[in-house]
Amino acid sequence: MESDYQRSESMDVKVKLLLSGGHEYILWLKSDSPLLESLLKVLVNRSQNQASAILFQIPVDEGHSALCFPSDHLVGIVTEPPIFVQQKAPVPAPPEVPPARPVASNFIPSECVQLDNFILPAEQEKLLKFVFQKESEFVPTSTSTGAADYRRSWVLHSFPEFSELIIKRIHTVLPDVLSKLSLPAFTVSQIEAQLTAHNDGNFYKVHNDSGSPDTATRFLTYVYYFYREPKPFSGGELVIYDSRVENNYYVKAESFKTIEPRNNSIVFFLSRYMHEVLPVSCPSQAFTDSRFTINGWIRR
């Protein structure tokens, strides 16, 4: 790598890291820093289709914090003064070897975790009775953009006993969830919760949960499902889309995962994933036959 970029004597370089999702971080490094060399090497290898994923762990804030990200999230680097990379021409494949099928380098599969039997049966029975008694306090849901006909469901904002129950249980399982999602541990600043009901014809079109300034710190989304047995409705599946990166932002891919709303189960996934709730069919249209959830967001 010594000959791959132009430099003279060692000097301080202002390095702006451009990460997927539109995030930027500024570091000050020496021009002969091994870290700067590794960062540039990632971009060189990716341009030659030789990228291999590694995890960068960079001390920041005088060593009081660490910036961690996988190398495939590095979109670009801005250096001041400029450092130019001398790229080597790729060696063409022999003519007799057919070209490999192209794979989108910016494709990111979605991952989720679904846990069954999340609370005790007696706790769930008590929760259902509480919800049935609060029917008159449910109000129509809305979206942050105010878009019409984008979301149809009902929400109960105050349910302290059960929000505390769910949040306490989430704290208990979170280390295991992060491990299953291959995510590093982080300090939770807040866990939000709302209680929703989806009845006949209700839905929520494609959206993400962290796309505005006031939701940017939402890291994980969770959805806890509960309802009467036998199941009095159909539909209402959660669809989580895979992602592509376009102009440093995550956008919806065509592929997806479909999550069944299993009774007394909870699903966790990254809040930046595009997802939707498919329409619910509830023939009786009775409130007590709704697809109920306690859903919310874990903020960093």
Side-chain angles (χ1 to χ4, degrees), residues 20-21 53 69-70 72-73 101-119 141 143 150-153 166 169-170 173-186 191-194 196-198 201-211 215-216 218-227 231 233-246 248-282 290-300:
S20 57
F69 60 91
D72 56 3
H73 284 203
R101 182 179 180 181
V103 178
S105 61
N106 63 351
F107 174 81
I108 304 172
S110 62
E111 302 293 343
C112 65
V113 171
Q114 187 169 18
L115 306 177
D116 291 307
N117 303 314
F118 190 62
I119 63 176
T141 53
T143 63
Y150 204 85
R151 181 184 187 187
R152 290 184 186 174
S153 55
I166 294 297
R169 182 74 177 131
I170 287 173
V173 302
L174 186 57
D176 182 53
V177 169
L178 293 175
S179 175
K180 289 178 177 177
L181 292 174
S182 300
L183 295 172
F186 64 93
I191 299 181
E192 301 171 275
Q194 65 179 17
T196 59
H198 285 74
N202 289 175
F203 59 86
Y204 197 167
K205 294 182 180 179
V206 179
H207 65 286
N208 67 28
D209 294 335
S210 59
T215 61
R218 290 176 176 174
F219 185 64
L220 283 178
T221 293
Y222 69 88
V223 184
Y224 168 71
Y225 299 103
F226 65 102
Y227 46 81
K231 185 179 176 183
F233 64 89
S234 61
E237 295 87 355
L238 171 67
V239 177
I240 303 176
Y241 289 89
D242 296 322
S243 302
R244 292 182 293 106
V245 179
E246 290 185 0
N248 296 341
Y249 288 95
Y250 291 96
V251 298
K252 179 176 74 72
E254 295 304 315
S255 53
F256 55 85
K257 293 178 174 64
T258 302
I259 310 301
E260 291 291 333
R262 297 199 298 262
N263 199 11
N264 199 20
S265 73
I266 189 169
V267 179
F268 295 88
F269 57 94
L270 288 174
S271 297
R272 64 171 172 79
Y273 288 161
M274 303 299 291
H275 58 282
E276 67 176 313
V277 177
L278 297 183
V280 170
S281 174
C282 182
S290 298
R291 166 195 180 274
F292 295 106
T293 67
I294 295 177
N295 57 285
W297 310 274
I298 304 174
R299 291 183 182 256
R300 306 188 73 156

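As the structure is a computational prediction, the values presented were derived from the model and not from experiment.
Here the side chains of Arg272 and Ser243 are in contact, with some heavy-atom distance below 4.5 Å. For the pair Ile170 and Phe118, the minimum side-chain heavy-atom distance is below 4.5 Å. Residues Leu238 and Phe269 have side chains in contact (heavy-atom distance under 4.5 Å, counting atoms from C-beta outward). Using a 4.5 Å heavy-atom cutoff, the side chains of Tyr222 and Val177 are not in contact. For the pair Phe233/Val280, a side-chain contact is recorded, criterion being any heavy-atom separation below 4.5 Å from C-beta on. In this structure the side chain of Asn117 never reaches within 4.5 angstrom of the side chain of Arg262, judged on heavy atoms. Side-chain contact check for Tyr225 versus Ile266: every heavy-atom pair is 4.5 Å or farther apart. The shortest distance between side-chain heavy atoms of His73 and Val245 does not fall below 4.5 Å.
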> Which is it for Arg218 and Glu192 under the side chain to side chain contact (heavy atoms under 4.5 Å, CB included) test, yes or no, and what are the steps along the way?
Replying inline: CA-CA 9 Å; Arg218 290 176 176 174; Glu192 301 171 275; 3.2 Å; yes
> For Ser210 and Thr215, what are the C-alpha separation, side-chain angles and deciding distance, and is it a side chain to side chain donor-acceptor pair (under 3.5 Å)?
Replying inline: CA-CA 5 Å; Ser210 59; Thr215 61; 5.8 Å; no
> Passes ring-ring contact (aromatic ring centres under 6.0 Å, His included), Tyr241 versus His275? Steps please.
Replying inline: CA-CA 6 Å; Tyr241 289 89; His275 58 282; 9.1 Å; no
>> Go through it in stages, so that I can follow the logic: the residues are Ile259 and Glu237, the test is side chain to side chain contact (heavy atoms under 4.5 Å, CB included), and I'd like the CA-CA distance, side-chain angles, deciding distance and then a yes or no.
In response: CA-CA 6 Å; Ile259 310 301; Glu237 295 87 355; over 6 Å; no
> Going through the distances and angles, do Leu270 and Leu183 end up as a side chain to side chain contact (heavy atoms under 4.5 Å, CB included)?
Replying inline: CA-CA 10 Å; Leu270 288 174; Leu183 295 172; 3.9 Å; yes
> Passes side chain to side chain contact (heavy atoms under 4.5 Å, CB included), Tyr204 versus Glu276? Steps please.
Replying inline: CA-CA 6 Å; Tyr204 197 167; Glu276 67 176 313; 5.9 Å; no
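In this structure, Tyr227 and Ser290 approach most closely via the heavy-atom pair CB-O, 3.7 Å. When every heavy atom of Leu178 is checked against every heavy atom of Ala185, the shortest pair comes out as CD1-CA, 3.8 Å. Minimum heavy-atom separation, Gly235 to Pro261: O-CG, 4.0 Å. Nearest heavy-atom pair, Asp116 versus Ser265, reported as atom, atom and distance to 0.1 Å: OD1-CB, 3.4 Å. Heavy atoms only, all atoms of each residue included: Cys112 and Val267 are closest at CB-CG1, 4.3 Å. Taking both residues in full, the closest heavy atoms of Pro109 and Tyr273 are given as O-OH, 3.8 Å, listed atom of the first, atom of the second, then distance.
We find the CD1-CD1 distance between Ile166 and Ile191 to be 11.0 Å, quoted to the nearest 0.5 Å. Remark: Arg244 CZ to Ser255 OG distance equals 9.5 Å, nearest 0.5 Å. A distance of 11.0 Å separates OG in Ser234 from CG in Leu278, rounded to the nearest 0.5 Å. Note that the CH2 atom of Trp297 and the CG atom of Leu220 stand 13.0 Å from one another [nearest 0.5 Å]. Remark: Leu181 CG to Phe268 CZ distance equals 9.0 Å, nearest 0.5 Å.
Listed for the His207 side chain is a donor-acceptor partner under 3.5 Å among the backbone atoms of Lys205.
Figure legend: cation-pi geometry between Arg300 and Phe186, with NZ or CZ positioned under 6.0 Å from the six-membered ring centre and within 45° of its axis.
Within a 6.0 Å sphere centred on CZ of Phe203, heavy atoms belonging to other residues, nucleotides or ligands number more than 12.
Under a 4.0 Å N-O distance rule, the pair Asp242/Lys257 qualifies as a salt bridge. Glu111 and Lys180 are not joined by a salt bridge, as no carboxylate oxygen comes within less than 4.0 angstrom of a charged side-chain nitrogen.
Looking only at atom types and distance, the side chain of Ser153 has no donor-acceptor partner in the side chain of Asn202 under 3.5 Å away.
Of the residues listed (Thr141, Thr293, Asn295, Ile294), the one engaging Gln194 in a side chain to side chain contact (heavy atoms under 4.5 Å, CB included) is Asn295, and it is the only one.
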